[in-house]
Amino acid sequence: MASSAEYEQRLQAHLRSRKISSLRVLAKQAGVSRWQVQQLRQGRADQMRVEPLRKLAIALGLSLEEAIAQFSLFRSDTLSAQTVATSPDLAAEYRRLQDQLTQQRTQLQLEFEQASLDRLESWLRQWPRIVHLARQRPELSAAQLDALLKQLLPLHQLLDTWEVEPIGSVDEAVAYAPQWHTLVQGLAAEGDRVRVQRPGYRHRDRLLFRAEVVADG
C-alpha cells in the first residue's frame, strides 16, 4: 500500500505533465468538487463514485483503470480490470463509460478532421490549378511559384495556428546543433557551419523531426 506522500507525488507528476497549475484548477477542469480531488489525493479512488473518478481520470490523461490502480489503497500491482469486474454494478458502469469514451474519441477525431479540412479548403480547390499552371508556364521562376503558393495555400496559416515552427530553410547556412540537426553528409562538430538540405520542424516545445544538414565546404 502506498503512503500519502506517494499518492501526492503521483498526482503532482500528472499535474505537471498536463500543465495543470493546482488542485483547484484540476477540480475546475474535471468539473468535480475539491473534496473529490482530495479523495484521489489520499489514495481513495477505490471508494469514489465512478463518474467523478472518470472525470478526474480524463483530466489527468488516465484511463479509469489506471486512475484506480495509481490512487487506490489496494496494491497497484495487483489491481487490474478484474478488480473493477468484482462488482457487477461497477463493471457495468465501467463498460458503459468505456463505450462513452470510445464514442467521444471518435467524435473528437471527426471534429479535428473537419476543422483541418475547413482550413485546407482553398488548397483542395486551388492545388490542381497550380499544378496545371506550372506545367503550362515553365518560364515561371521559383520565386513566382513560391509567391503563388503562399497566396493560395493555407498550409502556413494552419502551421501557425498549431504553433509549428520550421528549423532552418533550404540552403540556409547555420551553426551545427545536434539537438536540431541531423548530419547526412560530411563531418562537423557542434557549432561548425553547415547547410540545410531539408528543414526540420518543432511543435511548440516538442521536436517533430530534425533538419537534415550537410557540412559546408
Side-chain angles (χ1 to χ4, degrees), residues 1-121 154 157-165 201-209:
M1 183 173 67
S3 65
S4 297
E6 288 174 311
Y7 293 128
E8 176 71 20
Q9 290 172 1
R10 291 175 190 173
L11 183 55
Q12 290 299 328
H14 286 302
L15 292 179
R16 288 192 296 271
S17 69
R18 304 291 288 185
K19 297 183 179 180
I20 299 174
S21 59
S22 67
L23 297 179
R24 179 182 60 79
V25 174
L26 172 62
K28 184 176 180 180
Q29 287 191 10
V32 301
S33 68
R34 290 288 300 277
W35 182 83
Q36 296 287 1
V37 173
Q38 289 300 326
Q39 290 288 96
L40 191 72
R41 185 185 185 188
Q42 294 169 13
R44 297 174 181 169
D46 53 298
Q47 302 174 27
M48 295 174 61
R49 289 170 42 241
V50 174
E51 184 61 19
L53 178 58
R54 179 190 71 85
K55 291 180 178 179
L56 283 167
I58 292 173
L60 294 172
L62 301 171
S63 68
L64 185 61
E65 181 183 337
E66 288 170 336
I68 295 174
Q70 294 187 31
F71 297 98
S72 170
L73 296 176
F74 291 109
R75 284 174 56 87
S76 60
D77 57 355
T78 61
L79 191 64
S80 66
Q82 277 190 319
T83 305
V84 176
T86 55
S87 167
D89 291 340
L90 186 58
E93 180 69 3
Y94 177 79
R95 287 192 297 271
R96 185 187 70 80
L97 292 173
Q98 287 294 92
D99 290 342
Q100 182 177 330
L101 284 174
T102 299
Q103 293 174 3
Q104 289 176 345
R105 290 192 190 101
T106 301
Q107 183 61 32
L108 287 173
Q109 179 64 28
L110 290 173
E111 291 176 1
F112 170 78
E113 291 174 1
Q114 184 60 55
S116 299
L117 288 172
D118 288 344
R119 290 185 176 276
L120 292 171
E121 180 180 349
Q157 297 176 358
L158 186 63
L159 295 179
D160 286 344
T161 300
W162 290 348
E163 298 182 41
V164 175
E165 300 179 13
Y201 286 91
R202 54 177 165 255
H203 178 217
R204 298 194 173 106
D205 297 329
R206 184 172 69 91
L207 176 69
L208 291 178
F209 51 89

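- Glu111 meets the side chain to side chain donor-acceptor pair (under 3.5 Å) test with Gln107; sequence neighbours excluded.
- Sorted by first and then second residue, the salt bridge (Lys or Arg N to Asp or Glu O under 4.0 Å) pairs with a member in residues 21-30 form an empty list; sequence neighbours excluded.
- Listed here is the closest heavy atom pair of Gly31 and Lys55: O-NZ, 4.0 Å.
- Once rounded to the nearest 0.5 Å, the distance linking CD of Gln29 with OG of Ser21 reads 8.0 Å.
- Considering every non-hydrogen atom in both Gly61 and Glu66, the closest pair reads O-OE1, 4.5 Å.
- Inter-residue side-chain proximity for Leu26 and Val32 is flagged as unmet; no heavy-atom pair is nearer than 4.5 Å.
- Smallest separation of non-hydrogen atoms from Leu40 and Ala45: CD1-CB, 4.1 Å.
- You'll find the side chain of Val25 stays beyond 4.5 Å of the side chain of Leu15, heavy atoms only.
- No donor-acceptor pair under 3.5 Å is formed between the side chain of Arg10 and the backbone N or O of Phe71.
- Checked against side chain to side chain donor-acceptor pair (under 3.5 Å), Gln12 has the following partners two or more places apart in sequence or in another chain: Glu8.
- Within the model, atoms CZ of Arg204 and CD of Glu163 stand 4.5 Å from one another, a figure rounded to the nearest 0.5 Å.
- Between Arg34 and Ala27 the shortest heavy-atom distance is CD-CB, 3.9 Å.
- Heavy-atom minimum distance, Leu56 versus Met48: CD1-CE, 3.8 Å.
- Here CG of Leu53 is found 9.5 Å from CG of Leu62. Values are rounded to the nearest 0.5 Å.
- Between Phe209 and Tyr201, the ring planes are perpendicular. Angles over 60° get that label, and only those under 30° would be called parallel.
- Between His14 and Gln70 there is a side-chain heavy-atom pair separated by less than 4.5 Å.
- Between Gln38 and Leu23, the closest heavy-atom pair is NE2-CD1, 4.0 Å.
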